[in-house]
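Here the structure comes first, spelled out in structure tokens, and everything after it is commentary.
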Protein chains: 2
Amino acid sequence: MKQKVTLKQIAKELDVSISTVSKALKDSVEISLDTRQKVKAFAKLYNYKPNNIALSLKNRKTKTIGVIIPEIVHHFFTTVIGGVEKVANEKGYNVIICSSNNSFDKEVINLEMLASGSADGFILSVAKETQQKKDYHHIEETMSQGMPVVLFDRIIDELVCDKVIIDDGKGAQTATNHLLSLGCKKIAIITTVDYISVGKLRTNGYLRALRAYDITAREDYILKIEDIDNCESEISSFLKDKEVDAIFAVNELFAVTAARVLHEQGKKVPDDVSIVGFTDGILSKHFIPSLTTISQHGEEMGIRAAKLLIDKLEGEEDVPEEYKTVIIDTSLIQRQSTKK
Amino acid sequence: MKQKVTLKQIAKELDVSISTVSKALKDSVEISLDTRQKVKAFAKLYNYKPNNIALSLKNRKTKTIGVIIPEIVHHFFTTVIGGVEKVANEKGYNVIICSSNNSFDKEVINLEMLASGSADGFILSVAKETQQKKDYHHIEETMSQGMPVVLFDRIIDELVCDKVIIDDGKGAQTATNHLLSLGCKKIAIITTVDYISVGKLRTNGYLRALRAYDITAREDYILKIEDIDNCESEISSFLKDKEVDAIFAVNELFAVTAARVLHEQGKKVPDDVSIVGFTDGILSKHFIPSLTTISQHGEEMGIRAAKLLIDKLEGEEDVPEEYKTVIIDTSLIQRQSTKK
DNA sequence: TAACCTTACGAAAACGTTTGCGTGTGGATA
DNA sequence: TATCCACACGCAAACGTTTTCGTAAGGTTA
């Protein structure tokens, strides 16, 4: 178990100074060709790799991007990460990922840990708990220390920074309009409680779409779910004996659960009830019937977020701060869960 | 945009030495109570946080675990990460995740990057390409530099290190046995090409189970898929006009795709054909009918892997090396895709 | 031969910590 | 008054780099 070899060791072995070794490896003209070759051969033999930690300390930058997401077991977020990695790798950045598990405390810990030396900037989607508590001091602090932050998807309006979002309201409107255009009249929505920003926005989009069609929204057609993991029973009793002809679900899980409940209640999708979901994940694609849904283009979000961040990281220091909010277009993916 | 505050700055402001500040913050008795309080108050005010990079350099350990997985958009792997994070957090370690995207080159790059300063040890499941190329020099090198590696799921037999696996063969046998015990006689298998270690092992388990039942395996009941992303057409023509009464699929995607194909071919699951999958992911749970499957207990794998790694990291230096292979039990989760 | 220029290398500082040890100050003791 | 001991603090090294600057040796020029 030989330890990693350092410049110092090479220098000692070759009986030259550390600086000579460093320069030789960088092909500096200061060093004679002879010495250069000798050093390089030796370094190769012993498989010398510069120590990143030392470099980071010296350069005061790490060339890595920290990504913090609410849950790692979530298809949408992983596609975003895919996008981030794509551009990060192109630009020579590494990506490290941490999950907050939707816990405020873990979000704070992870951010502080990464902020204290491991990453130059952050791409983050805040935890559910953080949105609920409305406590953003950790993010503000990170920014005030000069580390750029790009928020995506679950963003925070009050925070002044770059953001990448979709137009949740518009997406929801598109979804609802699609149902309306199919002739559906009794359209229910299964959504989250209001403190989840994207849930609320999508609910509003649904309401707007109905209004534009001169349909009065009905309270009993709106289900707001708090405990996502146990949504089945709630959805089941919500749908029980309800004469709806369409459902708009603000996420994939609600959509498939609704489909399953309907199936159990003996109703057919899309013949009796049409369903439109949100987020184009594996479930929507593989379900039978496959689900019509609103795609958020997660990868594109990741790409844009990474670009914004790297621009900030590599931008001039003294340029007046300017923050952008990029809005990614959603699109309706028509599949089998809505009738033609 | 005030910069991060360092010991040096605090020292300067308070007109004491750096060491005094450092000691004061650690409540050293060497420092007078008065000074300690003053320093701490100041540090708090300016929100001092020790620089991890500097600490890592000094201590020559980072207290972080590197996890490298083939794909991040994969439910099984994310559950493993969940397990790793659980024990890592308990023990004061951080977890950073990189994905190799099933690319050998990216695996090498990520490993080298993390190995050169960012992590103390690794938990890794190798890329498809790596299994194909049989080139493990990067992993061997990492280990020879004194950094422990724990392999999981897609492991490499030739490598001498800790491993956490399931008994893929046994799991497959259990799956097949279950079908046999239901009275199925014509059991097809949809599996991967042989160079994917787990695919091969599962195929072998299937064959063993048949043999134990004195059923001769039929070549035309075995489908080996190379291009996972386009499996639908292959599965479709494989199943076309085939009189099977059961299918064992070595992963979730194959299982649902088979179900979808059968559905299109007018066959009912489980009435006409029973299906057993492998990996208990979202798809299996939410599909209609929900899928009987072999659970790999990803979280448990992560937990065990993290424990093995941390044991090595915190163990005595001069203890003779000893490597364990932990085999996690799989279990059959009975759902609706196999008839009673 | 004195002055100068190249060439080839080394010393040292810096990044931010921690920590063993040295030391000045003041009070208590003999 | 000389000695000793706590006490409270500072110095400096170390971790592994990079890079600026200084400098010795040798050769060239006048």
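Residue numbers start from 1 in every chain, and the chains themselves are labelled A, B, ... in the order their sequence lines are given, proteins ahead of strands.
The only member of A/Pro70, A/Ser197, A/Ser125 that meets side chain to side chain contact (heavy atoms under 4.5 Å, CB included) when paired with A/Asp153 is A/Ser125.
Judged by distance alone, with hydrogens and angles left aside, the side-chain atoms of B/Ser56 form a donor-acceptor pair with the main-chain N or O of B/Asn52 at under 3.5 Å. In this structure, the side chain of A/Thr142 engages the main chain of A/His138 through a donor-acceptor pair within 3.5 Å.
Salt bridge B/Asp120/B/Lys63: absent, no basic N to carboxylate O contact under 4.0 Å. Contact check on B/Asp157 versus B/Lys163 returns no salt bridge, with no Lys/Arg side-chain nitrogen under 4.0 Å from an Asp/Glu carboxylate oxygen. Classification of B/Asp162 and B/Lys312 as a salt-bridged pair holds, one side-chain N sitting under 4.0 Å from a carboxylate O. Using a cutoff of 4.0 Å between basic side-chain nitrogens and carboxylate oxygens, A/Glu314 and A/Lys91 are not scored as salt-bridged.
Atom CG of A/Asp27 is separated from atom P of D/dT19 by 14 Å (rounded to the nearest Å). Distance, B/Leu57 CG to D/dT18 P: 13 Å, rounded to whole Å. The nearest whole Å value for the distance from the CG atom in A/Asn59 to the C1' atom in C/dA13 is 15 Å. Computed from coordinates, the A/Lys58 NZ to D/dG16 P distance equals 15 Å when rounded to whole Å. Rounded to whole Å, atom C1' of C/dT23 lies 14 Å from atom CD1 of B/Ile31. Counting to the nearest Å, the P atom of C/dT17 and the CD1 atom of A/Ile53 are 14 Å from each other. Distance A/Glu30 CD to C/dG10 P: 11 Å, rounded to the nearest Å. Following rounding to the nearest Å, B/Asn51 (CG) and C/dT18 (P) show an atom-to-atom distance of 10 Å.
The side chain of B/Ile18 lies closest to C/dT18 when the candidates are D/dT20, D/dG16, C/dT18. Taking only side-chain atoms of B/Ser19, from C-beta outward, the nucleotide of C/dA12, D/dT18, D/dA12 with the closest atom is D/dA12. Taking only side-chain atoms of B/Thr6, from C-beta outward, the nucleotide of D/dG22, C/dG16, D/dT17 with the closest atom is C/dG16.
Nearer the 5' end of DNA chain D, as judged by each residue's closest nucleotide, is the contact made by B/Lys23, out of B/Lys23 and A/Leu7.
The side chain of B/Lys8 contributes an N or O atom lying less than 4.0 Å from OP1 or OP2 of C/dC15. At D/dT18, one or more side-chain N or O atoms of A/Lys26 fall inside 4.0 Å of OP1 or OP2 (strictly under the cut-off).
Shown for residues 32-45 of chain A: no residue has heavy atoms falling under 4.0 angstrom of DNA chain D.
Nucleic acid contact class of B/Lys61 (heavy atoms, under 4.0 Å, all strands): none.
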